[in-house]
Amino acid sequence: MADSTKRFSADKISGFLESALKAVRVRDDVIKHVAEGLLNASIRGVDSHGIRLLPHYVASVEGGRINPDPRYKFETTASAAGTFDADHTFGHAAGIEAMHRAIDMANSAGAGIVSVYNSTHCGTSAFFALEAAKKDFIGLAFTHANSLLNTPNTTRPFFGLNPIAMAVPCEGEEPFCYDSAPSVITWNKLLQLRQENIDAPLLSGADDRGIQTSDPHKITQLLPIGGYKGFGLAMIVDILCGLLTGMPVGRDITDMYKTPLSQKRYLGQLYMAIKIGAFQPLDVFKKRMKKLMDDVRNEPKTDGNNAIMVSGDPEKKAAAERLRNGIPVKEHDLNVFKALADKYGIKFFE
């Protein structure tokens, strides 16, 4: 049976997130980015990467995996390229800092690319791509992860559920945003399904023999979308985020949950900003982008009851509803948050 839920305003939850991170001595500028990243995911309906991850991150700070007070090091390596040492802090904070530097370079060079190394889990890649799009740049974000994606015709995973995100500004509405792992569901979504004893979608997971199953408790690896095509996308991201950053790749990347929290993860990310005005007049581009999206939405329907959507539309719909009615928090997560509040003596948001 699924957990019951209660709803809370974004403002109330934001205050709790900040208090919990402050309780484990996370620096103020880092707190701002992490709280915003977690809240952004939950507002947009991506609960698997939202506020429910707070307890894991707090434990990671306490265990020594995540550095609460990083000393960033940014080096410009070419007119449109640079490297960013995250010093093992939150991937959310390092990613926003890196994207800001990519945007700065794009302003003068037309594009900016920043590789991040010595990083940690960064939540949703959309968070960083949208940061560029909100400033009228095309934003791209990539991150790799520990091996959870089955290699076709094998018994075990090799690459991670490595997502690709792209956000594009448009006229009259929030940016277009594509953000997807090369699998049907994410691992954090699988953990939610296990928690609620709900079957996984068909053709989304496999057991430890590589045999497809819908039982979330038997799934030990996820299947790539389109077989070798999804597997190929994951490999591309590992090249960008592992080889290009100098970080581990494939099965050498440590597990987010099974590895002791005292152990650093050495993740890599890659962020890119493209200055639209270097190619097309910005206002013309944004009008055409809006028309492109609307033209897709207005295509003939096979089912009159279901809307035709472009990437990002479900998240826009969720955000509008949740900002109006509050963010739903499951009973299990609520109990964990209460325990966290009691442990650190902070005010709970209920």
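Note that the structure is a prediction, hence the values are computed from the model and not measured.
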TODO: Check His144, Met247, His88 against Leu267 for a side chain to side chain contact (heavy atoms under 4.5 Å, CB included) and give me the one that passes.
DONE: His144
- [ ] Could you tell me whether the side chains of Asp303 and Asn306 share a donor-acceptor contact shorter than 3.5 Å?
- [x] yes
Is there a donor-acceptor pair under 3.5 Å between the side chain of [X] and the backbone N or O of [Y]?
X: Lys316; Y: Glu174; value: yes
X: Ser42; Y: Ile51; value: yes
X: Asn162; Y: Ala234; value: yes
X: Asp313; Y: Val310; value: yes
X: Ser60; Y: His56; value: yes
X: Thr89; Y: Ala86; value: no
X: Arg65; Y: Lys264; value: no
X: Gln269; Y: Thr245; value: no
X: His33; Y: Ala94; value: no
X: Thr76; Y: Ala78; value: no

Which heavy atom of [X] sits nearest a heavy atom of [Y], and at what distance?
X: Gly91; Y: Ser119; answer: CA-OG, 3.6 Å
X: Ala341; Y: Phe16; answer: CB-CE1, 3.9 Å
X: Leu223; Y: Gly205; answer: CD1-O, 3.8 Å
X: Leu130; Y: Ala167; answer: N-CB, 3.7 Å
X: Leu340; Y: Ala20; answer: CD2-CB, 4.3 Å
X: Pro224; Y: Gly230; answer: CB-C, 3.9 Å

Task: Phe127 ring center near His49 ring center (under 6.0 Å) - done: no
TODO: Take Thr213 and Ile219 through the test side chain to side chain contact (heavy atoms under 4.5 Å, CB included) and record every step on the way to the result.
DONE: CA-CA 7 Å; Thr213 177; Ile219 291 174; 3.7 Å; yes
Open item on the list: Walk me through whether Asn298 and Asp295 qualify under side chain to side chain donor-acceptor pair (under 3.5 Å).
Closed with: CA-CA 5 Å; Asn298 291 326; Asp295 284 350; 5.2 Å; no
Basic-acidic side-chain contact under 4.0 Å: [X], [Y]:
X: Arg322; Y: Glu315; value: no
X: Asp29; Y: Lys32; value: no
X: Lys287; Y: Asp283; value: no
X: Lys330; Y: Glu196; value: yes
X: Glu97; Y: Arg101; value: yes
X: Asp207; Y: Arg209; value: yes
X: Asp47; Y: Lys189; value: no
X: Asp255; Y: Arg265; value: no

How many angstroms lie between atom [atom1] of [X] and atom [atom2] of [Y], to the nearest 0.5 angstrom?
X: Lys286; Y: Glu173; atom1: NZ; atom2: CD; result: 11.0 Å
X: Cys170; Y: Phe285; atom1: SG; atom2: CZ; result: 9.5 Å
X: Gln195; Y: Ile198; atom1: CD; atom2: CD1; result: 10.0 Å
X: Gln221; Y: Thr154; atom1: CD; atom2: OG1; result: 6.5 Å
X: Met166; Y: Ser180; atom1: CE; atom2: OG; result: 14.5 Å
X: Gln212; Y: Asn150; atom1: CD; atom2: CG; result: 11.0 Å

TODO: Could you go through the side chain to side chain contact (heavy atoms under 4.5 Å, CB included) check for Tyr117 and Thr83 one step at a time?
DONE: CA-CA 8 Å; Tyr117 61 101; Thr83 61; 4.1 Å; yes
- [ ] Please report the C-alpha distance between Gln192 and Ser48 in whole Å, then the side-chain angles of each, then the deciding distance to 0.1 Å, and finally whether the side chain to side chain donor-acceptor pair (under 3.5 Å) criterion is met.
- [x] CA-CA 7 Å; Gln192 277 189 289; Ser48 59; 4.8 Å; no
TODO: Decide yes or no on salt bridge (charged side-chain N to carboxylate O under 4.0 Å, His left out) for Asp28 and Lys22, but give the supporting numbers first.
DONE: CA-CA 8 Å; Asp28 285 349; Lys22 202 169 191 64; 2.6 Å; yes
Open item on the list: Classify the ring geometry of Phe74 against Phe84: parallel below 30°, tilted from 30° to 60°, perpendicular beyond 60°.
Closed with: tilted
Open item on the list: Can you classify the ring geometry of Phe159 versus Phe231 as parallel (below 30°), tilted (30 to 60°) or perpendicular (above 60°)?
Closed with: tilted
- [ ] Take Asn325 and Glu321, measure what side chain to side chain donor-acceptor pair (under 3.5 Å) needs, and give me the verdict at the end.
- [x] CA-CA 6 Å; Asn325 299 321; Glu321 189 275 329; 2.9 Å; yes
Open item on the list: Between Asp87 and Asn118, does the side chain to side chain donor-acceptor pair (under 3.5 Å) criterion hold? Intermediate values first, please.
Closed with: CA-CA 6 Å; Asp87 194 23; Asn118 292 337; over 6 Å; no
Open item on the list: Set out, in order, the CA-CA distance, both residues' side-chain angles and the distance that settles salt bridge (charged side-chain N to carboxylate O under 4.0 Å, His left out) for Lys338 and Asp342, then state yes or no.
Closed with: CA-CA 6 Å; Lys338 286 178 180 177; Asp342 290 341; over 6 Å; no
TODO: Report the C-alpha separation of His100 and Ile96 in whole Å, then their side-chain angles, then the decisive distance to 0.1 Å, and conclude whether the side chain to side chain contact (heavy atoms under 4.5 Å, CB included) test is met.
DONE: CA-CA 6 Å; His100 286 170; Ile96 290 294; 3.4 Å; yes
Open item on the list: Run Asn107 and Phe137 through side chain to side chain contact (heavy atoms under 4.5 Å, CB included) and show every step you take.
Closed with: CA-CA 9 Å; Asn107 258 325; Phe137 292 79; 3.4 Å; yes
Task: Tyr257 six-ring centre to Arg194 NZ/CZ under 6.0 Å and within 45° of normal - done: no
